[in-house]
Engineer: 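The structure under discussion is supplied below as C-alpha cells; questions concerning it will follow.
In this text, all values refer to a predicted model and were calculated from it rather than measured experimentally.
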Amino acid sequence: MDILTLARIQFGMTTVFHFLFVPLSIGLGLAVAIMETLYVIKKDEIYKDMTKFWGKIFLLSFAVGVVTGIIQEFQFGMNWSEYSRFMGDIFGAPLAVEALLAFFLESTFIGLWAFTWDKVKPRTHAIFMWLVAIGSALSALWILAANSFMQHPVAFKINPETNRAEMDSFLGLLQNPQLWLEFPHVILGAFTTGAFVIVGIAAMNLRKKRNIEFNRKSLKLGAILGTIFAAATMMVGHQQMIALATDQPMKFAAMEAMYDDLEDGSWTAVAFPDTENKNAGFELKVPKLMSLLMGDDGNTTYKGMNTLDKELVEKYKGKHDIASFYVPVKTLFWSFRFMAGFGSVMAIVGLLVLFFLRNDKIMNMGWALFGTSLMAFAPFIANTSGWLITELGRFPWTVYGIFTIADSVSPNVTANQLLFTNIVYFLLFALMGTVLVKMILRENKKGPYYVDPDAANNHIDPLKKEEF
Amino acid sequence: MIAGLEPLHFIWFVLIGVLFVGFFFLEGFDFGVGLATRLLAKDEEERDTVVQTIGPVWDSNEVWLITAGGAMFASFPHWYATLFSGYYIPLFLILVGLIVRGVSFEFAAHSETKREKNFWQWMLFVGSLIVPFLFGMIFTSMIQGMPIDENFNIFAKFGDYVNLMSIVGGIAVTLICFIHGLNYIRLKVEGDLRVRAERLSQKLYPLLFAGLVVFAILVYTNTDFIERRPVSTIAILAVMVAAAVAAYYGSLKGKEKLSFISTGAVLAGIVVLIFNGIFPFVMIGDVAANSMKISEAASTLYTLKTMTIVTVCILPFVLAYLSWSYYIFRKRLKVGEGNEHY
C-alpha cells in the first residue's frame with residue numbers, strides 16, 4: 001500500500017477509536033456532575049453512591065480518551081507534515097488554546113476530584129467535577145473550531161508568496177457558522193452517549209435484579225438526560241443537514257445516494273447505488289419527504305453527484321487537477337441512516353423507559369429491559385457513523401476546496417514505517433479496548449456496594465484535621 | 001540584529017522553551033517515580049504508595065507536553081512539521097510509552113489479580129523508562145545537525161538519530177529524571193521509604209557528575225555551541241553542575257526541597273542549554289545552509305499576536321490552580337495507609 005492510504009488508515013483508525021471514548025467520558029462527566037450536585041442538594045446517600053460508581057467508569061474511559069488524544073495531536077506533524085506547514089498558522093492556534101484552556105483545567109481537577117473524597121466539603125468536591133465537565137466541553141469546542149475550518153474554511157487568505165494559508169481573524173474563526181452547528185451536535189451527542197451507557201448498564205442490572213434501588217434511580221436519570229439530549233442532537237443535526245446542502249453539496253448528495261438531480265422532492269429510504277456505473281440502482285422513495293425535511297417549497301432542485309462532479313472538475317481545473325470528486329457513496333448513505341436511525345431509536349426508547357418507569361412497571365418487563373440494555377451500543381454506532389460522514393465526505397480535501405489529502409501527507413515518512421506503526425497502534429487499541437470493557441463489566445458486576453476485603457483496614461478518619 | 005527576527009518570534013521561541021522546561025521539571029519527576037516503582041519500592045504496598053505520590057498530578061504534568069506540541073504547531077508550524085515527521089519512529093515509540101503509562105494508573109487500580117496489576121505497573125515502569133530516554137535522544141541528536149532538504153524535510157539515517165552523543169543524552173536525561181523522582185518521593189512520603197530514597201539518590205550522584213562531564217565534552221566536540229556562544233553555553237553548563245552539587249548536598253543534609261528544586265534545575269538546564277545553543281535557529285542542519293531559522297519556521301505575526309494575548313489572559317489562572325492543587329496534596333503519605341483514590 002502507498003503512504004497516502006496507510007496514513008489515511010492510521011488517521012481513520014485513531015480518530016474512530018479516540019472518538020469511542022471521548023464522548024463517553026464527556027457524557028459520563030456531565031452525568032456524574034449532575035449526580036453529585038443532586039447529592040449536595042438532596043443529601044441523599046444514594047446519589048453519592050451513584051456519583052462514585054459511575055465516576056469509576058468515567059475515570060476508566062477518560063484514561064483511554066486522553067492517551068489516544070495525544071496520538072491525534074502528534075499525528076498531524078508526524079504523518080501530515082505538509083498539511084501542518086500549509087495550515088499551521090490557522091489550525092495550530094485552536095489546538096494550542098485547547099491545551100491551555102481546557103486540558104490543564106480538566107486534568108488538574110480530575111486529579112483533585114479523584115483523590116479528595118471526604119477531604120473537602122461535598123460542595124467543593126462537586127465543583128471539581130463541574131470544572132472537569134466544563135474543561136472537556138471547552139476542549140471539544142476548540143478542536144471542533146479547527147475541524148470546522150477544515151470543513152468550511154473562513155477568515156483566512158492564501159499567501160501567494162509562500163503558498164500557505166494565513167489567519168485573517170481569530171474571532172472570524174470562532175464565528176464560523178459550521179462550528180456553531182458542529183459543536184452543539186457533537187457535544188449533545190456526547191451527552192447522549194454517557195446517558196445511554198448508564199441507561200443500558202442500569203437496565204441490564206435491573207433485569208438481573210442487582211441493586212434495584214440504585215439502578216432504578218440511575219436508569220431514570222439516564223433516561224431523562226438521554227431523551228432530552230438525543231432529541232436535541234437530532235434537532236441540531238437537522239440544521240446541519242440544511243447547511244450542508246449548500247456548503248458541501250457532494251457530501252449531501254452522497255448521503256442521499258443521489259446520482260441524478262433531485263427535482264421531485266422525494267426522499268430515499270433505502271438504496272443500493274451502483275457505484276460502478278454511477279447510477280441510483282435500486283431505490284425506495286418516499287414522495288415529498290425531502291422537501292418537507294429541508295423546509296423548501298417542493299420546487300427546489302438538489303444537484304446529483306454526476307452534475308456536481310462535472311461542476312467541481314471544471315471549477316478546480318488548473319489549480320487542483322482532480323479526476324473525480326465522488327465520495328464513498330454507500331458508506332455515507334448508510335452511515336447517515338445508522339446515525340439518524342439510532343438517534344431516533346434512542347429518543348423513543350428514552351421516552352418509553354420514562355413512561356414504564358412510572359409505578360415501576362418496567363421492572364417486570366424482562367424483554368423491555370433486555371432491549372433497553374442493548375441501547376448502550378446505540379450512541380457509539382451513531383457517533384462513529386457521524387464522523388465517517390463528516391470526514392469521508394470531505395474527500396478529496398483536508399481543507400475543503402483548498403488543500404487536498406494527497407498534498408497533505410509527510411513526504412519523508414516511508415510506507416514501511418507507516419505499516420509498522422499501524423500494526424502496533426492496532427494491537428494497542430485492541431488491548432486497551434478489551435481491557436477497558438472487561439474492567440467496566442467487572443466493576444459493574446461488583447456493583448456500587450462492593451467492599452474490598454483487603455481494604456478493610458485501610459481506613460482514614462475523614463474528620464481528623466491532619467487528613468486535609 | 002538578526003535578519004527577519006521579530007520580537008514576537010523571539011517571545012514564542014522562549015515560550016516553547018518554557019513549556020518544555022515545565023514539562024521536564026514536572027513530568028520529569030513522574031518518570032522518576034515510575035522508575036522508582038521497580039528500583040526503590042520493595043513490595044506491593046510500597047509500590048502503591050510510590051505511585052500514589054503522583055496519582056493526582058501526573059495527568060496535568062503531561063499536559064505541558066501537549067501544550068508544547070500545540071504551541072509549536074501554532075507558532076512554528078515548519079518546526080513542528082519538520083521535527084515531528086523527521087523523528088517519526090522515536091516519537092512513535094514515545095507515544096507508545098505515554099499510552100501504556102497513561103492507562104496504567106487506572107488499569108492497575110482496577111486489576112483483579114496480582115498478575116494483572118503487576119502487568120500494568122510494569123507498563124508504568126517501561127513507559128517511564130523509554131519516554132525520557134527517547135526525549136534525551138531526540139534533543140541531543142537534533143543539536144548535532146540533521147540532514148534537512150530545501151523543503152525543510154528531514155531524510156535521516158539511523159546514525160543521525162542513534163549515535164554516541166544521543167545515547168549519552170538519553171541516559172543522562174533518564175538518570176536525572178530518576179534522581180528528580182527520588183527527590184520528589186523524599187518530599188512526599190514518610191518513614192523507611194523516604195530514607196531509602198535518600199540513600200539511593202546519594203549513590204547515583206557520582207554517576208550523574210560523570211555523565212555531566214561526558215555530556216559537556218560531547219557538547220564541545222559534536223555541536224558548535226561553545227564555538228558560537230562560549231560564554232552563555234559554559235555559564236549554563238556551570239549552573240547545571242552547581243545545581244547537581246546542590247542536589248547532592250541536599251541529599252546528604254536531608255534538605256529535600258533543595259534537592260528537588262536542584263534536580264529540576266538540572267533538567268531545565270538541558271532545555272535552556274539547547275534553546276540557547278540553537279538560537280537563532282530552530283533546527284540545525286548537517287550543513288550550515290540547511291539550518292532552519294526561527295523567522296523561517298514561524299507563523300504570521302497576526303497569529304503570534306493572537307496567541308500571545310490568549311496566553312497572557314489564561315496562563316495566570318492555569319498556574320494559580322496548578323499551584324493550588326499541589327498545595328491541596330501537600331500532605332506526606334505513609335506506607336500501608338489508605339492511599340488509594342476512593
Engineer: Without swapping roles, check the side chain of B:Tyr302 against the backbone of A:Phe170 for a donor-acceptor pair under 3.5 Å.
Structural biologist: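 Yes, because the side chain of B:Tyr302 sits within donor-acceptor range (under 3.5 Å) of the backbone of A:Phe170.
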Engineer: Ring pair (Phe, Tyr, Trp, His ring centres under 6.0 Å) with B:Trp12: which residues, sequence neighbours excluded?
Structural biologist: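 B:Trp12 satisfies ring pair (Phe, Tyr, Trp, His ring centres under 6.0 Å) with no other residue.
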Engineer: Please report the shortest heavy-atom distance between B:Ile66 and A:Glu73, naming the atom on each side.
Structural biologist: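 In this case the closest contact between B:Ile66 and A:Glu73 is O-OE2, 2.6 Å.
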Engineer: Indicate yes or no for a side-chain donor-acceptor contact from A:Arg85 to the backbone of B:Phe152 under 3.5 Å, with no hydrogens or angles considered.
Structural biologist: yes
Engineer: Please state whether the side chain, the backbone, both or neither of A:Gln417 comes within less than 4.5 Å of a heavy atom of chain B.
Structural biologist: both
Engineer: Residues two or more places apart in sequence or in another chain: which of them pass ring pair (Phe, Tyr, Trp, His ring centres under 6.0 Å) with B:Tyr321?
Structural biologist: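 Testing B:Tyr321 for ring pair (Phe, Tyr, Trp, His ring centres under 6.0 Å), a comparison that skips the adjacent residues, returns A:Phe109.
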Engineer: Closer than 4.0 angstrom, basic N to acidic O: yes or no for B:Glu116 and A:Arg442?
Structural biologist: yes
Engineer: So, do A:Phe104 and B:Phe317 have ring centers that fall under 6.0 Å from each other?
Structural biologist: no
Engineer: So, does A:Asp89 use its side chain to make a donor-acceptor pair with the main chain of B:Thr300 at under 3.5 Å?
Structural biologist: yes
Engineer: Examine whether an atom of A:Leu112 lies under 4.5 Å from a heavy atom of chain B, and if so say whether it belongs to the side chain, the backbone or both; otherwise answer neither.
Structural biologist: both
Engineer: Distance from A:Thr162 atom OG1 to B:Glu296 atom CD, nearest 0.5 Å?
Structural biologist: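 Atom-to-atom, A:Thr162:OG1 and B:Glu296:CD are 12.5 Å apart.
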Engineer: Measure the spacing between CD1 of B:Ile154 and OG of A:Ser410 and express it to the nearest 0.5 Å.
Structural biologist: 11.0 Å
Engineer: Checking heavy atoms, do the side chain of A:Glu98, its backbone, both or neither come under 4.5 Å from chain B?
Structural biologist: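 Nothing of A:Glu98, per the 4.5 Å heavy-atom cut-off to chain B.
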Engineer: Checking A:Asn159 against chain B: side chain, backbone, both or neither under 4.5 Å from a heavy atom?
Structural biologist: neither
Engineer: Could you tell me whether the side chain of B:Phe84 reaches within less than 4.5 Å of the side chain of A:Asn79, counting heavy atoms only?
Structural biologist: no
Engineer: Using heavy-atom distances under 4.5 Å, tell me whether A:Val64 contacts chain B through its side chain, its backbone, both, or neither.
Structural biologist: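 Contact with chain B involves both backbone and side-chain atoms of A:Val64.
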Engineer: Pick one of side chain, backbone, both or neither for A:Phe128, based on which atoms fall under 4.5 Å of a heavy atom in chain B.
Structural biologist: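 Interface part for A:Phe128: side chain.
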Engineer: A:Ile110 versus chain B, heavy atoms under 4.5 Å apart: side chain, backbone, both or neither?
Structural biologist: side chain
Engineer: Look up atom CZ in A:Phe74 and atom OH in B:Tyr88, then write down how far apart they are to the nearest 0.5 Å.
Structural biologist: 13.0 Å
Engineer: Can you tell me which portion of A:Leu431 sits under 4.5 Å from chain B's heavy atoms? Options are side chain, backbone, both or neither.
Structural biologist: side chain
Engineer: Under 4.5 Å heavy-atom distance to chain B, tell me which part of A:Thr414 shows up: side chain, backbone, both or neither.
Structural biologist: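 Answer is neither: A:Thr414 stays 4.5 Å or more from chain B.
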Engineer: Under 4.5 Å from any heavy atom of chain B, what part of A:Met439 do you find: side chain, backbone, both or neither?
Structural biologist: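 For A:Met439, the side chain is the part near chain B, not the backbone.
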